[in-house]
Amino acid sequence: METGIPLELIAAENKKRLAALEDDYDALTRSLARRGIEIDPIKQRLKDFTVAIPSWGVGTGGTRFARFPIAGEPNGIFEKLEDCAVIQALGRNTPTVSPHFPWDHVSDPKELRDNAKALGLRFDAVNSNTFQDLPDQSRSYKFGSLTHTDKDVRALAVAHNRDCIEIGEKLGSKAITVWIADGSNFPGQQNLAGALDRYLDSMREIYAVLPGDWRLFIEHKLYEPAFYSTVVSDWGTSILCAQELGDKAQCLVDLGHHAPGVNIEQIVARLAQFGKLGGFHFNDSKYGDDDLDSGAINPHQLFLIFNELVEIEKKANGKSGLAYMLDQSHNVTDPIESLLNSAASVAAAHARALSVDRSALADYQKKNDVIMAFNTLRRAYDTDVTPLLAMVRYELGGAIDPIATYRASGWRARKAQTRKPPAPAAAGIV
Ligand code: LRH
Ligand code: MN
């Protein structure tokens, strides 16, 4: 089991870049100070900030049209953890992995936990899957799972979620994310209210077995794979269900699960205001649930979301306990490079939001000085925080330039020699 990237290589690559970094960092320190912003507290917050890697994002992703696997990509959760350790060794802000079952099924969860520990990794929220049928499954989820009209199918889906919680306990997770594909493709196909009643009944059975210190995350999604109605389609349905289920139930916001143009940062503020914001699946999109790299299409939206999160964390004295996770599909890039970039983009949005002059902003908002309020926020967004992120990585033992150091390591080429070639990719249409 190879543990990440040799520290000597990281040190050698950093040595080439340190002088320039220190110069840029000092310049940023001075420019922030001129705006009355101290850099050290921000640096400390960024050192404490982490975002979880989705186990399903470490292999190449695809669409219903095709998937193009790459040589040296991981087969199975143990090789995926090796790649997660590489991302953590270089970026230093992704120490946890969010697993998905049955995709990451193992016979001995304790062995998996120990393996992760040996790689310096822990497990974040587990994800259940009742949107696909297993080969030998007794009943199909074709017409739904937790909301299916057949009580035996619902029982199967409830049992699967309970199994995920059991495995998660052995892995040290403290939450389960429940996203269901349930919905309809035709008007009249489903009784819309009845489907939600069945959903709540099933979720109560899952909630009932949640360990005391666990949380249940409800993940809403506007559409896909259902294209007429989706049972848990928006934040309104999600918060009503979370309130109905109890304190341990909260809402998870996947950035790609909203109609184009929706103000997601306001949804974040609302969910937090009512104590029901539990966590995030960060990614980016231009049209639908494109699962593109976080910050790749709309970095300003990610900044505005973190602008709300900084306020939320302030109110919670930094103890909001929010679960920050990525959820992406890497169809044309090396997943390790996309995940390094994405974890850095999320940290960049956070760093910019932490450099907002909040007292000035509040003052301009109170006085309805629209332009100065906007400019105060935009000033922070226009801040080049690259030296700050690199200094945080450097001081935590990571790489000043993660992509360059990853490429210098030859990791993927080496894995292409040792790992089983990826199975020919199946796609969804034919
Ligand atoms: C649904 C979703 C959900 C996961 C899946 C991989 O679109 O966002 O979070 O279970 O992607
Ligand atoms: Mn998601």
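First listed ligand is number 1; within each ligand, the first listed atom is number 1. All values below come from the heavy atoms of this structure, side chains included, with hydrogens, waters and symmetry mates left out.
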- Item | Residues Trp179, Phe217; criterion ring pair (Phe, Tyr, Trp, His ring centres under 6.0 Å); working and verdict | CA-CA 8 Å; Trp179 170 70; Phe217 295 147; over 10 Å; no
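- Excluding waters, the set of protein N/O/S atoms under 2.8 Å from the Mn ion (ligand 2) reads Glu219 OE2, Asp254 OD2, His281 ND1, Asp327 OD2.
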Show me a pair-per-line table, with atom names and distances to 0.1 Å, of protein N or O atoms that are under 3.5 Å from an N or O of ligand 1.
from: ligand 1; atom 1: 7 (O); to: Lys221; atom 2: NZ; distance (Å): 2.9
from: ligand 1; atom 1: 7 (O); to: His257; atom 2: NE2; distance (Å): 3.2
from: ligand 1; atom 1: 7 (O); to: Asp289; atom 2: OD2; distance (Å): 3.1
from: ligand 1; atom 1: 8 (O); to: Glu219; atom 2: OE2; distance (Å): 3.1
from: ligand 1; atom 1: 8 (O); to: Asp254; atom 2: OD2; distance (Å): 3.0
from: ligand 1; atom 1: 8 (O); to: His257; atom 2: NE2; distance (Å): 3.2
from: ligand 1; atom 1: 8 (O); to: Asp327; atom 2: OD2; distance (Å): 2.7
from: ligand 1; atom 1: 9 (O); to: Glu219; atom 2: OE1; distance (Å): 2.7
from: ligand 1; atom 1: 9 (O); to: Glu219; atom 2: OE2; distance (Å): 2.8
from: ligand 1; atom 1: 9 (O); to: His281; atom 2: ND1; distance (Å): 3.2
from: ligand 1; atom 1: 9 (O); to: Asp327; atom 2: OD2; distance (Å): 3.1
from: ligand 1; atom 1: 10 (O); to: His100; atom 2: NE2; distance (Å): 2.8
from: ligand 1; atom 1: 11 (O); to: Asp327; atom 2: OD2; distance (Å): 3.4

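- With sequence neighbours excluded, no residue satisfies salt bridge (Lys or Arg N to Asp or Glu O under 4.0 Å) with Glu205.
- For Asp182, there are no salt bridge (Lys or Arg N to Asp or Glu O under 4.0 Å) partners, not counting sequence neighbours.
- The residues Arg204 and Glu244 are annotated as salt-bridged, a charged nitrogen and a carboxylate oxygen being separated by less than 4.0 angstrom.
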- Derivation of the ring pair (Phe, Tyr, Trp, His ring centres under 6.0 Å) call for Tyr228 and Tyr223: CA-CA 8 Å; Tyr228 168 66; Tyr223 76 100; over 10 Å; no
- Message: Does Trp235 form a ring pair (Phe, Tyr, Trp, His ring centres under 6.0 Å) with His220? I'd like the steps, not just the answer.
- Response: CA-CA 6 Å; Trp235 74 279; His220 61 273; 8.3 Å; no
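- For the pair Arg352 and Tyr381, the distance from NZ or CZ to the six-membered ring centre is under 6.0 Å and the angle to the ring normal is within 45 degrees.
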- Task: For ring pair (Phe, Tyr, Trp, His ring centres under 6.0 Å), just list the numbers for Tyr141 and His148, CA-CA rounded to whole Å, side-chain angles, deciding distance to a tenth of an Å, and then say yes or no.
- Result: CA-CA 8 Å; Tyr141 292 138; His148 200 290; 8.3 Å; no
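- Using a cut-off of 4.0 Å between Lys/Arg side-chain N and Asp/Glu carboxylate O, Asp24 and Arg17 are scored as not salt-bridged.
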